[in-house]
Structure formats: structure tokens, C-alpha cells
*Asks:* 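Sending over a structure as C-alpha cells; questions will come in a sec.
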Amino acid sequence: MTTENSLRKRDSSKKSWAEPWKVKMVEPTRWTTRQYRAERIQEAGFNTFLLKSEDVYIDLLTDSGTSAMSDYQWAGLMLGDEAYAGSRNFYHLEANIQKFYGYKYIVPTHQGRGAEHLVSQIYIKKGDVVPGNMYFTTTRIHQELAGGSFEDVIVDEAHDPQSERPFKGDVDLGKLEDLIKGVGRDRIPYVSLAATVNMAGGQPVSMQNVRELRALCDGYGVPVLLDATRAIENAYFIQQREEGYRDKKVADILLEFCSYTHGSWMSAKKDSLVNIGGWLALNDWNKFEEARNLVVVYEGLHTYGGLAGRDMEAMARGIEESVDDGHIRARVGQVEYLGGKLLDWEVPIVLPIGGHAVFLDAKRFYPHIPQDRFPAQTLAAQIYIEAGVRTMERGILSAGRDPETGRHRYPKLELVRVAIPRRVYTQAHMDVTAEAIEEVFWNRDRAKGLKLVYEPKYLRFFQARLEPV
Ligand code: F0G
């Protein structure tokens with residue numbers, strides 16, 4: 001071998017990897033002009049939720065219900081048993097939740113918030129306090145509507161976008177115990193634990209933390225209920241980051257994680273690779289009976305819960321695919337690819353890079369825009385104008401108002417979430433996205449912020465309208 005040849009040898013430590021699937025069907029997208037997009041975002045009240053999907057080029061609004069199903073899932077749709085009662089697809093779904101998540105009793109719901117509604121109505125009474133590792137928008141509103149209030153007991157580092165703690169989703173057990181002692185055990189209906197904390201930037205909870213949490217809660221007789229929406233991404237981070245889990249399969253890690261909790265609610269629109277679906281799973285028979293009774297009031301019979309049989313089949317099959325190590329590595333790997341590019345270009349993002357999304361730190365992006373002028377909302381609008389890339393605000397607008405004082409809640413994190421649907425976009429889409437964000441970053445001084453002109457009562461971020469100040 002000549003010296004010249006050896007110089008040209010690729011650095012084998014930088015090995016590429018590819019997704020464990022190939023594309024079978026495509027959906028065309030449309031590129032538009034900057035002028036067109038500027039008009040559309042104005043029409044949409046500078047709210048990316050109010051844009052029409054056909055006006056979006058790369059849709060990174062959410063990873064919820066936007067994933068691509070496999071041929072195995074699509075084939076399952078044809079096997080939908082649309083009986084009103086006792087559909088065989090329900091039993092397949094039930095068996096797979098029992099097998100992969102380990103819970104005993106299952107109630108299907110149309111999506112995650114259907115299950116959040118049931119669990120909140122069943123467990124919470126007026127005046128209760130629900131501790132959790134950072135709020136989630138729909139989770140908290142159901143806790144409030146049931147008469148409770150949410151209390152954040154996540155570790156402090158979760159509120160610091162630059163902290164590189166590997167498990168920023170962990171519960172601060174000291175804060176939790178102080179709260180239980182302070183308000184009294186009787187007013188704590190359960191601990192609301194979320195796996196890969198969405199609002200913190202897709203940050204995981206360690207196995208050690210959930211194990212210790214369970215031990216602490218057992219001491220007080222408080223149940224631990226899990227928001228399992230992205231628990232598989234959480235299991236992957238445990239495999240990658242926690243001592244003793246490197247050689248375990250994600251499926252086994254998931255089972256162990258769930259075993260420390262008493263039950264769980266799920267938006268299957270994320271991890272489970274379906275466009276619609278959810279469930280509530282409980283190990284307590286009496287609570288399950290209440291859930292099974294309540295579901296017929298709000299969702300549908302307890303063997304369909306607002307879903308078609310075919311949707312339950314797609315979900316049952318999606319669960320099987322979602323725990324595959326190759327799948328989850330590629331899924332999170334794509335998020336890391338996008339985040340890595342932005343980091344290289346010194347765009348301020350939340351560290352470590354999350355499981356389902358890259359989160360832009362709008363406070364550092366736009367230090368000149370005060371929080372009550374909606375810096376993250378402004379940034380999401382600018383990214384859309386730049387390249388037709390749709391993202392979502394996760395800051396002051398999402399945090400809403402305190403129900404008692406009516407004032408804005410001022411979250412420490414003022415973020416734009418760039419969420420990646422599973423198995424949908426290519427590396428080239430990530431490149432275009434990164435370049436668009438970088439361009440907006442270079443023009444950051446021009447942004448001035450927004451003001452609210454219309455604000456709905458619940459979950460205002462979905463339908464609020466704003467205009468430039
Ligand atoms: N829990 C978490 C952690 C979620 O991220 C979501 C939804 C839900 C519960 C509610 O589930 O939408 O099926 O009713 N998150 C979506 C998102 C909206 O974009 O992150 P759902």
C-alpha cells in the first residue's frame with residue numbers, strides 16, 4: 001500500500017449508520033416562496049398550529065401521530081375487527097401492552113389525553129396536589145380540571161438548558177418528600193412521573209431514580225403513575241448512559257422501568273408509531289374497574305375506547321416494532337444528527353440533545369426579546385418564514401396563566417421544539433432544517449417579538465393569535 005493510498009483511507013472510527021428500513025411509498029411536499037410564507041404566517045396569527053399543512057415544507061411541529069407506519073402495520077389495518085364489543089384487535093393490543101409494558105389491566109382510549117382525563121378523574125379529589133417531574137400541557141390541565149394542582153419536583157438542572165446532567169428528567173426525591181410532608185400524604189393522589197420529559201427537552205429519567213422513587217412512595221403509600229408516552233426513548237437513554245444497562249435490550253429495560261410504577265397512561269401516537277391511539281393501564285383492580293366504567297361515558301366501550309378495531313391492530317403491531325433496538329437507535333440517532341449540526345454551528349440548544357426533538361433555547365437565541373414578548377413563538381414563526389419548516393413554541397405561551405392569579409406563568413425554559421416524526425424524513429431534510437435555523441440565527445437581531453391579540457381559555461398555545469410588536 002502506498003503512502004498516498006493510506007492517506008486516503010477513510011477514518012473508520014467515523015462509521016455511518018442507516019435506518020433499518022427502506023421507503024415504499026412517498027407523500028409529495030411543496031416548496032413555496034418566502035413572500036407566500038410570510039403571508040401565511042400572518043394569516044395564522046403567528047401561530048404555527050394555525051398554518052395549513054399543505055403550506056408546510058418540512059413538518060417538525062410534533063412527533064405525535066405523524067410517524068410512518070410499516071407494511072406490517074398497514075397490513076394489520078385490513079384485519080380490523082370492527083365489532084362494537086370484544087374486537088380481536090383489542091385482545092391483541094391488551095396482550096402486547098401486558099407483554100411489553102408489564103401492566104395487568106388495560107383500557108384503550110382515543111389518544112393520550114383521553115387516558116389523562118380518566119386517570120385524573122379517578123385518582124384526584126378537590127384540593128389535591130399532584131407532584132411530577134415537570135408539567136406537561138394536557139396532563140396538567142386534566143389534573144386541574146379534576147380539582148388538583150400540579151407541583152413540580154423535577155431536579156433543578158432540568159430548568160437549566162445548559163446543564164449536561166445525563167438524566168435531567170429525574171425526580172428530586174428531597175423536594176418530593178418535603179412536599180408530601182408539607183401538604184400531608186392524604187392530599188397526594190399519586191406521583192405523576194413522565195418518561196423522557198417533553199417540556200424539559202426530551203430528557204430521560206434514570207432507572208436508579210425510578211427505583212428510589214418507588215421505594216420512597218411505598219413508604220408513604222403513594223402510587224407512582226407513569227406517562228409512558230416516550231418511555232421507549234427513555235429506555236434507550238438508560239441503555240446508552242446508565243451503568244449496568246449497556247448490554248441489556250431496550251425491551252427488557254422498558255419492562256424493568258414500568259415495574260417500578262403502579263400504572264401508566266399512554267399517547268401511542270409517539271413511541272408506538274401510530275397516527276391515533278392511547279391507553280390507560282393499571283395494576284389495581286378497583287381503580288381499573290372505575291376506569292373501565294368511566295371510559296364508556298367519555299370514549300366508548302372498554303374494548304375500543306374511541307378507536308376503530310384497525311387502529312388498535314396498528315397500535316398492537318407498532319408496539320412490537322417500537323421496542324426494537326435497531327429502530328430506536330436510528331430514531332434517536334436522527335435527532336442527535338440534527339442537534340449535532342446545530343451545536344457545531346453554535347446555535348443555542350438544550351443539552352443533552354433530547355430523544356424526540358432538538359430544543360432551541362430562545363432566551364439565548366433572542367436575548368433582546370423579553371419573555372412576555374414571546375421569544376420562542378417569534379422564533380418558530382421566523383423558522384417557518386425562512387424555509388417552510390414548522391416547529392412549536394414550548395415557553396411562556398405553552399405555560400399559560402396561573403388559574404388563581406390569572407397572570408402569565410414565566411417558565412425558566414423558553415424553547416422552540418424541533419420534533420422529528422419517526423421514520424418520515426431523511427438526512428437531507430435534517431440538513432435543510434439545520435441550515436434554515438442557522439440562517440435565522442444569523443439574522444437574530446432583526447426579530448422584535450410578538451403580542452397576544454386572541455387568547456383562548458384552555459391550552460391557549462393551540463389557538464392563540466399574535467401580531468408583531
Ligand atoms: N403526555 C405527553 C408527554 C405528551 O407529549 C402528550 C402529547 C400527551 C401526554 C397527550 O397525548 O396528544 O395523544 O392526547 N404531546 C403532543 C406533542 C401533543 O406534540 O408533544 P395526546
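Only this structure's heavy atoms are used, side chains among them; waters, hydrogens and symmetry mates stay out. First listed ligand is number 1; within each ligand, the first listed atom is number 1.
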*Asks:* Flag the pair Arg390 and Asp59 as a salt bridge only when some basic side-chain nitrogen lies within less than 4.0 angstrom of an acidic carboxylate oxygen.
*Replies:*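 Judged by the 4.0 Å cut-off on N to carboxylate O distance, Arg390 and Asp59 do form a salt bridge.
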
*Asks:* Considering the heavy atoms of Thr229, write down every atom of ligand 1 situated less than 4.0 Å from one of them.
*Replies:*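 Numbered from 1, ligand 1 contributes 1 (N), 2 (C), 9 (C).
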
*Asks:* Any Lys/Arg nitrogen of Glu233 or Lys270 sitting under 4.0 Å from an Asp/Glu carboxylate oxygen of the other?
*Replies:*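 Result for this pair is no, no salt bridge flagged.
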
*Asks:* For Asp63 and ligand 1, does the shortest N/O to N/O distance drop below 3.5 Å?
*Replies:*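 N/O-N/O distance under 3.5 Å: no.
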
*Asks:* Does the N or O separation between Trp265 and ligand 1 drop below 3.5 Å for any pair?
*Replies:*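 Between Trp265 and ligand 1 (N or O atoms, distance only) the closest approach is not under 3.5 Å.
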
*Asks:* State whether Phe136 and Arg113 meet the cation-pi test: NZ (Lys) or CZ (Arg) under 6.0 Å from the six-membered ring centroid, and within 45° of the perpendicular axis.
*Replies:*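 No, cation not above the ring by the 6.0 Å, 45° rule.
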
*Asks:* Report the member of Gln111, Glu116, Met134 with the shortest heavy-atom distance to atom 9 (C) of ligand 1.
*Replies:*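 Minimum heavy-atom distance to atom 9 (C) of ligand 1 goes to Glu116.
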
*Asks:* Quick one: which ligand 1 atoms are inside 4.0 Å of a heavy atom on Thr138?
*Replies:*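 With Thr138 as reference, the close atoms of ligand 1 come out as 8 (C), 9 (C), 10 (C).
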
*Asks:* Could you find the nearest protein heavy atom to atom 20 (O) of ligand 1 and give me its residue, atom name and distance?
*Replies:*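 Residue, atom and distance for the closest contact: Arg417 NH1, 2.7 Å.
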
*Asks:* Got the closest protein heavy atom to atom 16 (C) of ligand 1, with its distance?
*Replies:*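 Answer, as residue, atom name and distance: Lys270 NZ, 3.2 Å.
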
*Asks:* Between ligand 1 and Leu61, is the shortest N or O to N or O distance under 3.5 Å?
*Replies:*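 For ligand 1, there is no N or O atom that lies under 3.5 Å from one belonging to Leu61.
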
*Asks:* Whether Arg465 engages the ring of Tyr454 as a cation-pi pair (distance to the six-membered ring centre under 6.0 angstrom, angle to the ring normal within 45°) should be assessed.
*Replies:*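 Cation-pi check for Arg465 and Tyr454: fails.
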
*Asks:* Do NZ/NE/NH1/NH2 and the carboxylate oxygens of Arg331 and Asp63 come within less than 4.0 Å?
*Replies:*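 Salt bridge between Arg331 and Asp63, a charged N being under 4.0 Å from a carboxylate O: yes.
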
*Asks:* Taking heavy atoms and a distance under 4.0 Å, where does Arg394 meet ligand 1: side chain, backbone, both or neither?
*Replies:*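 Within the 4.0 Å criterion, Arg394 makes no contact with ligand 1.
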
*Asks:* Taking only heavy atoms of Met392 into account, list the atoms of ligand 1 that are under 4.0 Å away from them.
*Replies:*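 This gives 19 (O) as the contact atoms.
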
*Asks:* Is there a donor-acceptor contact under 3.5 Å from the side chain of Gln239 to the main chain of Lys248?
*Replies:*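 Yes, the answer is positive, given that a donor and an acceptor are paired below the 3.5 Å cut-off.
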
*Asks:* Does any N/O atom on Thr62 come nearer than 3.5 Å to any N/O atom on ligand 1?
*Replies:*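 Looking only at distances, the answer is yes, because the N/O contact criterion of under 3.5 Å is met.
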
*Asks:* Among all protein heavy atoms, pick the one closest to atom 3 (C) of ligand 1 and tell me residue, atom and distance.
*Replies:*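 Residue, atom and distance for the closest contact: Asp227 OD2, 3.3 Å.
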
*Asks:* Considering the heavy atoms of Ser267, write down every atom of ligand 1 situated less than 4.0 Å from one of them.
*Replies:*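 Per the distance check, 11 (O), 13 (O), 21 (P).
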
*Asks:* For atom 12 (O) of ligand 1, what's the nearest protein heavy atom and its distance?
*Replies:*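 In this structure, atom 12 (O) of ligand 1 has Arg113 NH2, 2.9 Å as its nearest protein heavy atom.
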
